[in-house]
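A note on names: the letters A, B, ... follow the listed sequences, proteins ahead of strands, and every chain is numbered from 1.
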2 protein chains.
Amino acid sequence: MEDAVAEVLRQWQRVHPDLDTLPIAVIGRLTRCATLLQQAADAPLTREGLARPEFDLLGALQRVGRELTPTQLARETFSSGAAVTKRLRRLEERGLVERRADERDRRVAHLSLTEEGRRLIARLVPEQVGYEASLLSALGVDRQRDLADVLSELLVLLEGRLGGVPI
Amino acid sequence: MEDAVAEVLRQWQRVHPDLDTLPIAVIGRLTRCATLLQQAADAPLTREGLARPEFDLLGALQRVGRELTPTQLARETFSSGAAVTKRLRRLEERGLVERRADERDRRVAHLSLTEEGRRLIARLVPEQVGYEASLLSALGVDRQRDLADVLSELLVLLEGRLGGVPI
DNA sequence: AGGAAAATGTTTACGAGTGAAATACCTGTT
DNA sequence: AACAGGTATTTCACTCGTAAACATTTTCCT
């Protein structure tokens, strides 16, 4: 069985016979897999009325286990400050996240999960990860580990090259 | 050297000691790599005032080597019909793509590259692919092939499971 | 102390994608 | 011929992310 990118590679090869198509094979498949996974993997979230970026934000608060400022949340979820502001508004309105003012520096806010947010995320994370595992299961655990390892290598290189995240 | 996801995995492990984090290792890294690559890899395109999805559309016309209808373009670029409509409007305004009416069925349109579009894409594709190759080069060609192979396996599985594209 | 510079967070204007509805057209059946 | 049903494409209303501008507050330097 052949994937959807194989035909694309053949087409490019025919039009540009001298072109090295390896980058397309890697990047094309990477972005395609990411798109499909993001669509598919969000089913448990969507049932709870959460979008993936909102889930990521809640998850960040859960996994670091302490309050975070909006800027820290932006770093932690690899997103812009403006995006975090918008997501926080929705999550605060839903009562999943609460805000505490810093008494020393009046610019900064400290965000934490409410009791309800904690309950939701504690229930949702195992469900979500389990569902993701089932999506990947056909690949076999060893093959998944191979994939995670190569991707980790690539990630180090990309983050280094593109000006990694300074602390 | 460690990638940005490794710390996230440790944090989850500490909060949910019984959680199998392999799916996060795979999917988290996959989406993070895809994001970084898409930001980084678009530099040559951006210089020409093209967005990635517009480039993909032009590329599809170039590599199949014949006219395509909007619906075929949507399939070919994995996007929705509405998105194709919007992109076509911009590309037609820029004179890179032209439209021919079907004389038999007056609903359908046939899109093709203009001479200018052909010139642009013929120049841009080798430049773009070369730039992508340089982004990946630190990984080594063999490792890139490994990656492409696992991703191809995964893609087959995902496309099969998520209701692949019937002809 | 005092003002420039930097940092934090929010707001704003805008562009792009989406699903659903709308539009226009074709095809087959009666 | 007429109509039901299906297809191709566009439009619409909406959501979300972004970059840039903004307001506020702190820090730094002299």
Verdict with reasoning, A:E76 to A:R63, per salt bridge (Lys or Arg N to Asp or Glu O under 4.0 Å): CA-CA 11 Å; A:E76 207 65 48; A:R63 63 168 210 266; 2.7 Å; yes
Just the rounded figure in Å: distance from [atom2] of [N] to [atom1] of [X].
X	N	atom1	atom2	answer
A:D102	D:dT24	CG	C1'	14 Å
B:L88	D:dT9	CG	C1'	10 Å
A:E93	D:dT15	CD	P	12 Å
B:L57	D:dT9	CG	P	13 Å
A:E103	C:dT8	CD	P	17 Å
B:R75	D:dT7	CZ	P	11 Å
A:R89	C:dT10	CZ	C1'	10 Å
B:L50	C:dA16	CG	P	12 Å

Under 4.0 Å, counting only non-hydrogen atoms across every strand here, what does [X] touch: a base, just sugar-phosphate, or nothing?
X	result
A:A109	sugar-phosphate
A:R90	sugar-phosphate
B:R52	nothing

Could you list the donor-acceptor pairs under 3.5 angstrom formed by side chains in residues 49-61 of chain B, with sequence neighbours left out?
| residue | atom | partner | partner atom | Å |
| --- | --- | --- | --- | --- |
| B:R52 | NE | B:D42 | OD1 | 3.1 |
| B:R52 | NH2 | B:D42 | OD1 | 3.1 |
| B:R52 | NH2 | B:E132 | OE2 | 3.2 |
| B:E54 | OE1 | B:A51 | N | 3.0 |
| B:E54 | OE2 | B:R90 | NE | 2.9 |

With sequence neighbours left out, write down each residue that passes side chain to side chain contact (heavy atoms under 4.5 Å, CB included) with A:Q38, or none if nothing qualifies. B:T31
Value for SG (A:C33) from CG (A:L151), rounded to nearest 0.5 Å, stands at 9.5 Å
Can you tabulate the close N/O pairs, meaning under 3.5 Å, that link protein atoms to atoms of nucleotides 17-20 of chain D?
| residue | atom | partner | partner atom | Å |
| --- | --- | --- | --- | --- |
| D:dG17 | OP1 | A:R87 | NH1 | 2.9 |
| D:dG17 | N7 | A:K86 | NZ | 3.3 |
| D:dG17 | O6 | A:K86 | NZ | 3.1 |
| D:dT18 | OP2 | A:S80 | OG | 2.9 |
| D:dT18 | O4 | A:K86 | NZ | 3.3 |

Just so I know, are the side chains of B:V125 and A:W12 near enough to count as touching, which here means a heavy-atom distance under 4.5 Å? yes
Without swapping roles, check the side chain of B:Q144 against the backbone of B:L136 for a donor-acceptor pair under 3.5 Å. yes
Under a 3.5 Å distance rule, please check whether A:T69 uses its side chain to pair with a backbone N or O of A:H110 as donor and acceptor. no
A:R118/A:E115 salt bridge by N-O under 4.0 Å criterion: yes
Is it true that A:R10 and A:E7 make a salt bridge, defined as a side-chain N closer than 4.0 Å to a carboxylate O? yes
Please tabulate, one pair per line, all N/O donor-acceptor pairs under 3.5 Å involving side-chain atoms of residues 13-22 of chain B, not counting sequence neighbours.
| residue | atom | partner | partner atom | Å |
| --- | --- | --- | --- | --- |
| B:D20 | OD1 | B:L22 | N | 3.1 |

Please check if the number of heavy atoms outside B:R89 that lie under 6.0 Å from its CZ is greater than 12. no
Please tabulate the protein-to-nucleotide N/O contacts below 3.5 Å involving nucleotides 22-25 of chain C, giving atom names and distances.
| residue | atom | partner | partner atom | Å |
| --- | --- | --- | --- | --- |
| C:dC25 | O2 | B:R107 | NH1 | 3.3 |

Close residues, residues 58-74 of chain A, relative to DNA chain C [heavy-atom separation under 4.0 Å]: A:T69, A:P70, A:T71
